Amino acid sequence: MNKNYEHKETEAEIYAEWEKSGAFTPPSGDDVKKTGQKPFTVIMPPPNANDPLHVGHAMFVTIEDILVRFHRMKGEAVLWLPGTDHAGIETQFVFEKKLAKQGKSRFDFDRDTLYKMIWDYVHENSGVAIDQVKKLGASADWSRYKFTLDPEIVKEVTKTFIKLHEDGLIYRGVRLVNFCTKCGTAYSELEVDHEEREDKIYKINYGKLSVATTRPETMLGDVAVAVNPEDPRYKNLIGEKVTLPLVGREIPIVGDAMVDMEFGTGAVKITPTHDQNDWDVAVRQGWNMDEIVLNHQVIGTKGKMTANAGLYEGMNVSEAREKIVTDLGSALIETKPYTHSVGTCYRCHRTIEPLPMKQFFIKVKTLAENALKSLDTEESVVMGSGHDKILRHWLSNLRDWNVSRQIVWGIRMPVWYKDETKTEFVVSEMSPGKGYTQETDTFDTWFSSGQWPVVTLKTSKQGDFDVYYPTDVMETAYDILPFWVMRMMLLGIYMTGKSPFKCVYLHGLVRDEQGRKMSKSIGNVINPLELTDKYGADSLRMALVMSTTPGQDSNTGENKVRGMRNFGNKIWNAGRFITEMETPREGDSKSEGQEIVDGVRLPRHSAPRNDEFTGEGNENFKTKLQEVQKELTRLLEANKVGLAAESVYNEFWHWFCDESIENCKSGKVSLELLKNGYKSFLIMLHPFVPFVTESAWKEVFPQEGLLISANWPKE
RNA sequence: GGUCGCGUAGCUCAGCUGGUUAGAGCGCUGCAUUCACAUUGCAGAGGCCACUGGUUCGAAUCCAGUCGCGACCACCA
């Protein structure tokens with residue numbers, strides 16, 4: 001054996017051997033039914049198909065691989081199903097940036113051409129993420145690999161929408177949507193960020209009263225002024241009318257409890273087409289929303305003023321604001337600096353424009369109630385401090401889910417229109433007949449990934465869904481809890497009646513050694529591949545999970561990885577010690593026929609020490625080893641990966657190496673027993689550091705087959 | 001404004017279904033090297049487990065409050 005463990009000489013070869021051995025691929029569901037094996041399922045969170053790996057991916061690969069290898073060694077039918085996500089908006093955004101560099105925009109191409117271009121682009125890159133996941137040692141079943149745009153997946157996802165529609169859970173309606181005029185698409189409430197902005201607040205005289213606003217340009221679309229019905233200053237004015245400055249239109253004063261008497265002037269201009277609150281007020285007033293949208297939408301999807309804006313038509317929003325502020329003249333009473341938070345596009349960070357649009361919504365109320373129920377009954381359990389409460393909070397306050405996106409990169413909605421006005425629609429997988437045209441919108445990416453555990457298993461091998469669903473552990477970062485985990489619960493329960501996972505393991509975000517967020521501008525982003533290259537995949541894996549707690553952020557840097565590289569070397573060298581003890585060296589007089597005293601073969605360099613050896617050392621060794629195995633098994637059964645890693649690390653280094661090997665040298669523990677203990681430790685360490693343990697296994701136990709398929713010690 | 005989390009050795013973090021001398025990594029001090037590993041070993045320094053009060057025979061661990069830090073959510077026009 002080499003003096004030091006050289007990861008570069010072994011990793012690629014070992015991974016290929018594992019894959020070739022078939023250890024990654026469990027039997028089909030139908031075959032498992034016959035054998036009665038216990039199933040264990042993990043669905044891999046699908047990385048974006050065109051994304052290079054970041055440290056977060058390394059984190060989920062490590063944790064999931066640990067659990068998966070552990071259960072596989074226990075003899076269960078373990079399915080770890082990998083896949084990639086088309087990541088609609090993300091990917092289209094990246095692609096459009098690429099187009100922009102060539103001086104082009106998406107509007108230069110028709111739908112089909114654009115789709116084809118993005119498809120090619122994604123497929124050029126899609127191997128990258130997968131290769132990198134493999135480099136980290138992921139023992140996933142690549143024969144069951146899925147992509148969200150695989151035809152069979154698209155079909156299942158589409159069928160779900162059709163079923164939702166049949167069950168009356170889909171509606172199409174004009175609502176205010178969060179629209180990014182730059183990205184040209186609407187978003188769900190979750191995709192909107194909020195940023196503090198330094199702005200101005202304007203007080204404008206509307207005649208009988210004045211209003212305060214940060215968005216004077218929207219006054220062109222005002223339909224009313226609202227006051228609090230309890231407000232002594234204004235309650236008598238309710239029912240009267242004021243004249244809108246600049247426009248000259250008469251609008252009513254209405255009462256609505258939403259108005260805060262303390263804020264601003266206590267009177268709010270109501271622009272239903274460009275503000276969610278105002279929309280709600282108009283709905284409460286029972287007004288005709290179609291009419292309001294038709295006549296009073298003053299901002300369009302490109303961020304320019306519409307024909308309803310009269311003189312201001314064609315200006316973009318900020319120009320119109322400036323012009324209006326000037327034109328108001330004496331009607332503008334006051335301008336003050338004002339800091340408030342505004343909704344911004346999570347992708348491009350431009351201000352989100354609330355716009356009225358016809359969109360498809362899923363009614364989430366009953367779906368959310370069922371998800372809450374599965375948390376209450378502990379059908380699904382969340383691991384990660386405080387995040388079960390956060391999930392409950394989300395589920396209790398969810399708005400209907402806007403699933404239409406105005407982009408091409410995604411699954412096209414199975415919605416058909418007969419005539420050009422598109423007032424009537426039919427939901428159907430295929431065109432319902434001649435003359436129908438299909439909706440151009442695609443589904444929100446999370447609509448397909450929200451069905452991931454169900455649709456991957458349903459389209460996999462015979463019987464897979466029956467046996468491998470519900471999955472055992474869903475492991476992902478906590479920052480996509482509402483986007484993904486929650487949606488999987490909503491849709492999974494709807495589709496199957498069962499929550500898609502028994503346990504949600506939420507890992508924390510990985511920060512740099514000083515606890516700072518990783519960002520390109522600071523230059524502190526850890527590239528997992530660089531570290532893997534330098535120190536080996538095992539070292540990075542161990543560094544990521546040692547002493548981490550679900551839901552809690554952790555700080556990691558090169559120092560920690562280096563420390564874990566030393567650990568791998570330690571494992572290797574313990575094996576080297578054993579093989580060297582077993583093979584006497586030439587010219588070493590003491591090694592001729594190693595002495596055997598009371599059944600203990602003494603190491604070749606040690607003098608026999610009959611006086612000390614009583615056999616007690618062996619008994620203590622066996623007892624302790626059993627304790628270690630028991631404890632580690634308990635921790636892994638409970639998915640306590642961080643603690644398990646710490647425990648096995650300490651026991652191996654400080655007990656097995658520091659004490660037991662020394663005891664062996666001095667004849668207190670026999671070499672046979674030590675070797676057996678080493679074997680157990682390689683098995684126990686394997687889920688965490690698979691490469692070095694497999695390498696050492698080959699050297700020390702060459703007759704035993706692959707370690708990945710060895711049996712976990714029974715208690 | 002609301003919710004959640006965190007404050008333990010110089011640094012980064014475990015431990016917290018309450019129970020023997022509070023742990024690890026890195027760092028630090030001293031010693032050790034022809035006999036697995038210097039990517040090492042041995043020994044050691046270093047902690048009123050944020051603060052205050054409560055429950056208890058007993059609290060880093062449970063409860064309440066205070067202070068400090070962080071995250072998320074939110075329709076203040």
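Predicted model, so just to flag it, every value in this text is computed and none were measured. In what follows, chains carry the letters A, B, and so on, assigned in the order in which the sequence lines appear, proteins first and then strands, with residues in each chain numbered from 1.
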Within this structure, what is the [atom1]-to-[atom2] distance between [X] and [N], rounded to whole angstrom?
X        : N      : atom1 : atom2 : answer
A/Glu662 : B/rA43 : CD    : P     : 11 Å
A/Arg565 : B/rC37 : CZ    : P     : 16 Å
A/Phe652 : B/rU40 : CZ    : C1'   : 14 Å
A/Phe567 : B/rA36 : CZ    : P     : 20 Å
A/Leu509 : B/rG5  : CG    : C1'   : 13 Å
A/His7   : B/rU39 : NE2   : C1'   : 13 Å
A/Asn569 : B/rC37 : CG    : P     : 10 Å
A/Leu544 : B/rC13 : CG    : C1'   : 14 Å

Ranking A/Arg576 and A/Tyr5 by the position along RNA chain B of their nearest nucleotide, the one closer to 5' is A/Arg576

Distance between [atom1] atoms of [N] and [M] (Å, rounded):
N      : M      : atom1 : value
B/rC63 : B/rC4  : P     : 13 Å
B/rG5  : B/rU40 : P     : 39 Å
B/rG46 : B/rC11 : C1'   : 13 Å
B/rA60 : B/rU52 : P     : 13 Å
B/rG41 : B/rU34 : C1'   : 16 Å
B/rA64 : B/rG23 : P     : 29 Å
B/rC6  : B/rA77 : P     : 33 Å
B/rU21 : B/rU33 : C1'   : 33 Å

Can you list the residues that meet the salt bridge (Lys or Arg N to Asp or Glu O under 4.0 Å) rule with A/Lys675, with sequence neighbours excluded?
A/Glu582

Residues in salt bridge (Lys or Arg N to Asp or Glu O under 4.0 Å) with A/Glu631, at least two apart?
A/Arg634

Letter by letter from the 5' end, nucleotides 24-30 of chain B scores (B base, S sugar-phosphate only, - none; protein heavy atoms under 4.0 Å) SS-----

Would you give a per-nucleotide map of nucleotides 64-77 of chain B, 5' to 3', where B means the base has a protein non-hydrogen atom under 4.0 Å away, S means only the sugar-phosphate does, and - means neither?
---------SSBBB

Can a cation-pi geometry be assigned to A/Lys269 and A/Tyr206, taking NZ or CZ under 6.0 Å from the six-membered ring centre and within 45° of the ring axis?
no

Check whether any side-chain nitrogen or oxygen of A/Lys665 sits under 4.0 Å from OP1 or OP2 of B/rA36, and answer yes or no.
yes

Look at all strands and tell whether [X] reaches a base, only sugar-phosphate, or nothing, counting heavy atoms closer than 4.0 Å.
X        : answer
A/Asp658 : sugar-phosphate
A/Ile661 : base
A/Thr549 : sugar-phosphate

Option from A/Val268, A/Val227, A/Val225 for which side chain to side chain contact (heavy atoms under 4.5 Å, CB included) with A/Val211 holds:
A/Val225

Fit a plane to each ring of A/Phe652 and A/Phe656, take the angle between them on a 0 to 90° scale, and name the class: parallel (under 30°), tilted (30 to 60°) or perpendicular (over 60°).
parallel

On the 0 to 90° scale, with breaks at 30° and 60°, tag the A/Tyr649-A/His654 ring pair as parallel, tilted or perpendicular.
perpendicular

Closest of B/rC4, B/rA14, B/rC37 to the A/Lys389 side chain is B/rC4

Quick check: A/Phe577 with A/Tyr678 (ring centres under 6.0 Å apart)?
no

What pairs with A/Tyr338 under side chain to side chain contact (heavy atoms under 4.5 Å, CB included), at least two apart in sequence or on another chain?
A/Ile201, A/Thr214, A/Phe263, A/His340

Check ion pair A/Lys534-A/Glu530 (N to O, under 4.0 angstrom):
no

When you measure from the side chain of [X] to the backbone of [Y], do you find a donor-acceptor pair of N or O atoms at a distance under 3.5 Å?
X        : Y        : result
A/Arg249 : A/Asp222 : yes
A/Ser647 : A/Leu632 : no
A/Asp275 : A/Thr271 : no

Measuring from A/Leu625:CG to A/Asn676:CG, what's the distance to the nearest 0.5 Å?
9.0 Å

Listed range with range, the stems formed with RNA chain B by at least 3 consecutive Watson-Crick or G-U pairs (under 3.5 Å) are B:1-7 with B:67-73, B:10-13 with B:23-26, B:28-32 with B:40-44, B:50-54 with B:62-66

